[in-house]
A.B. asks: 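First the structure, which I've put down as structure tokens, then a few questions once you've had a look.
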Amino acid sequence: MQKIVLAGVAVLGAALMVSSAAQSRYPTLNGSLPLVIGHRGASGYLPEHTLEAYMMAIEMGADYIEPDLVATKDGVLIARHEPNMIATTDVSSRPEFANRKSKKMVDGIEEEGFFASDFTLAEIKTLRAVQAFAERPQMFNGKYQIPTLEEVIALAKTESEKRKRIIGIYPETKHPTYHIALDLKLEDRLIAVLEKAGWNNAEAPVFIQSFEQSNLIELNKKTNVRLVQLLDADDVDLNGKITFAAPYDRPFDWVAKGDKRTFGDLLTRAGLAEIKTYADGVGPWKRYIVSVKSVDANNDGKADDVNKDGAVNDADRTVVINRNIIRDAHRLGLLVHAWTFRNEPRRLAGSYANSPINEYKQFYNLGIDGVFSDFPDTAVRAR
Ligand SMILES: [Ca+2]
Ligand SMILES: [Ca+2]
Ligand SMILES: [Ca+2]
């Protein structure tokens, strides 16, 4: 009798899985639709990492919003892509902060600018965000504040309630080793904020991501929140093969401890199995999955300007499927969330015929579990 009941449950389970997979149309790991992650908010439209940019991503249908995290002098986690605020805020035009200009080593590279760790949160709140990409709208510069992680969580919760759908957060620990050297270690601070929000658990709508490995291994021991290992690279060669060069060749904690492997080694089957011991997914640069190949008809070793617009960029390249990383990762039960999807024609391979929809559809059809997009409206439309 018990056997029959169990068989019935199994059939019901299978039926549910089929219906949800059919619903998603795409071969994702768990049969649900690929997630649209608002990369730095709707950063294609508004200055990145502002509540306004996150709000726009939510309005456009993003499932997750993505705050990159750095620490202030007083140890508060704020949303910035870089510890150096010179390119994304108006700090360099503020005479009151002129004496804060300094040089610091960030992952082996010397930078000059205004670093978050030299400013209190109260001081940072007087700054205003600016658009860092010259080709994107500049009209919102000087209008929006720099948000804290707590404010980003509050926005996600309020909007989830209002819209009757769950909006998650996808925080990235930026430069964990650098922050340890400043005595502003990120991980316990992040856990404390998640704990306060009631989101320090496996069921919370949260993924924590990092390009470094040691801090994810540490986080895996301290929290049940889902973790994603990011995987960078330098570029691709003329044939579409991934190339490795510092500082994008390996996690900086590996540089610090002399581990000579590259991010590419983490995407071999053995590397993925290693990631599986501490993380729930991988976040590779999209070129690991679908790369781009150049034309070099004149054999000078450099990519040609195929579309003759005076610039050599992705529009002159054609797509080539690299290795089936999605399949390898899925076999191990790892999610795959790739980055970064952008609408600008120069960032789209010629094969997509100027339509970012075609790029999303290719990745969706390959079974990608999530996409980090600067233009979440397009990612949602393609889905
Ligand atoms: Ca990020
Ligand atoms: Ca050439
Ligand atoms: Ca061109």
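Sequence positions, counted from 1, serve as the residue numbers for this chain. In each ligand, atom 1 is the first atom listed, and ligand 1 is the first ligand listed.
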A.B. asks: Is K73 close enough and on-axis enough to F119, meaning under 6.0 Å and within 45°, for cation-pi?
C.D. replies: no
A.B. asks: Are the ring centres of Y45 and F140 closer than 6.0 Å?
C.D. replies: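 So the answer is no for these two rings.
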A.B. asks: E172: which N/O/S atom is nearest the Ca ion (ligand 1)?
C.D. replies: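 For E172, the N/O/S atom sitting closest to the Ca ion (ligand 1) is OE1.
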A.B. asks: Which is the closest N/O/S atom of D304 when seen from the Ca ion (ligand 2)?
C.D. replies: OD1
A.B. asks: Do any of the N, O or S atoms of N313 sit under 3.0 Å from the Ca ion (ligand 3)?
C.D. replies: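 Within the cut-off used here (under 3.0 Å), N313 places no N, O or S atom near the Ca ion (ligand 3).
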A.B. asks: Does the cation-pi check pass for R226 over F207, that is, NZ or CZ under 6.0 Å from the six-membered ring centre and within 45° of its axis?
C.D. replies: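 Verdict for F207: a cation-pi partner in R226.
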A.B. asks: Considering only N, O or S atoms, which atom of D296 is nearest to the Ca ion (ligand 2)?
C.D. replies: OD1
A.B. asks: Using a strict 4.0 Å threshold on nitrogen-to-oxygen distance, state whether E151 and K125 make a salt bridge.
C.D. replies: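 The answer is yes: the pair qualifies as a salt bridge.
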A.B. asks: To the nearest 0.5 Å, how far apart are NE2 in H81 and NE2 in H39?
C.D. replies: 6.0 Å
A.B. asks: Give a yes or no on whether R346 keeps an N, O or S atom under 3.0 Å from the Ca ion (ligand 3).
C.D. replies: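 False for R346.
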A.B. asks: Taking just the N, O or S atoms of D300, which one is nearest to the Ca ion (ligand 2)?
C.D. replies: OD1
A.B. asks: Within 3.0 Å of the Ca ion (ligand 2), is there any N, O or S atom belonging to K302?
C.D. replies: yes
A.B. asks: Which atom name would you report as the N, O or S atom of D68 nearest the Ca ion (ligand 1)?
C.D. replies: OD1
A.B. asks: May I ask you to check whether W339 and F363 place their ring centres under 6.0 Å from each other?
C.D. replies: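 Judged by ring-centre distance (under 6.0 Å), F363 and W339 do not meet the cut-off.
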A.B. asks: Between OD1 of D309 and OD1 of D305, what angle is found at the Ca ion (ligand 3), rounded to 10 degrees?
C.D. replies: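 Rounding to the nearest 10 degrees gives 90°.
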A.B. asks: Can you name the N/O/S atom of E66 that is nearest the Ca ion (ligand 1)?
C.D. replies: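 Answer by atom name: OE2.
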A.B. asks: Please work out the angle at the Ca ion (ligand 3) defined by atom OD1 of N307 on one side and atom OD2 of D316 on the other, rounded to 10°.
C.D. replies: 120°
A.B. asks: For Y170 and H337, I'd like to know if the aromatic rings sit close, meaning centre-to-centre distance below 6.0 Å.
C.D. replies: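 Between H337 and Y170, which both carry aromatic rings, the centre distance is below 6.0 Å.
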A.B. asks: Is there a donor-acceptor contact under 3.5 Å linking the side chains of E111 and N84?
C.D. replies: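 Result is yes, a qualifying pair exists.
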A.B. asks: Please find out if the Ca ion (ligand 2) and some N, O or S atom of N299 are separated by less than 3.0 Å.
C.D. replies: no
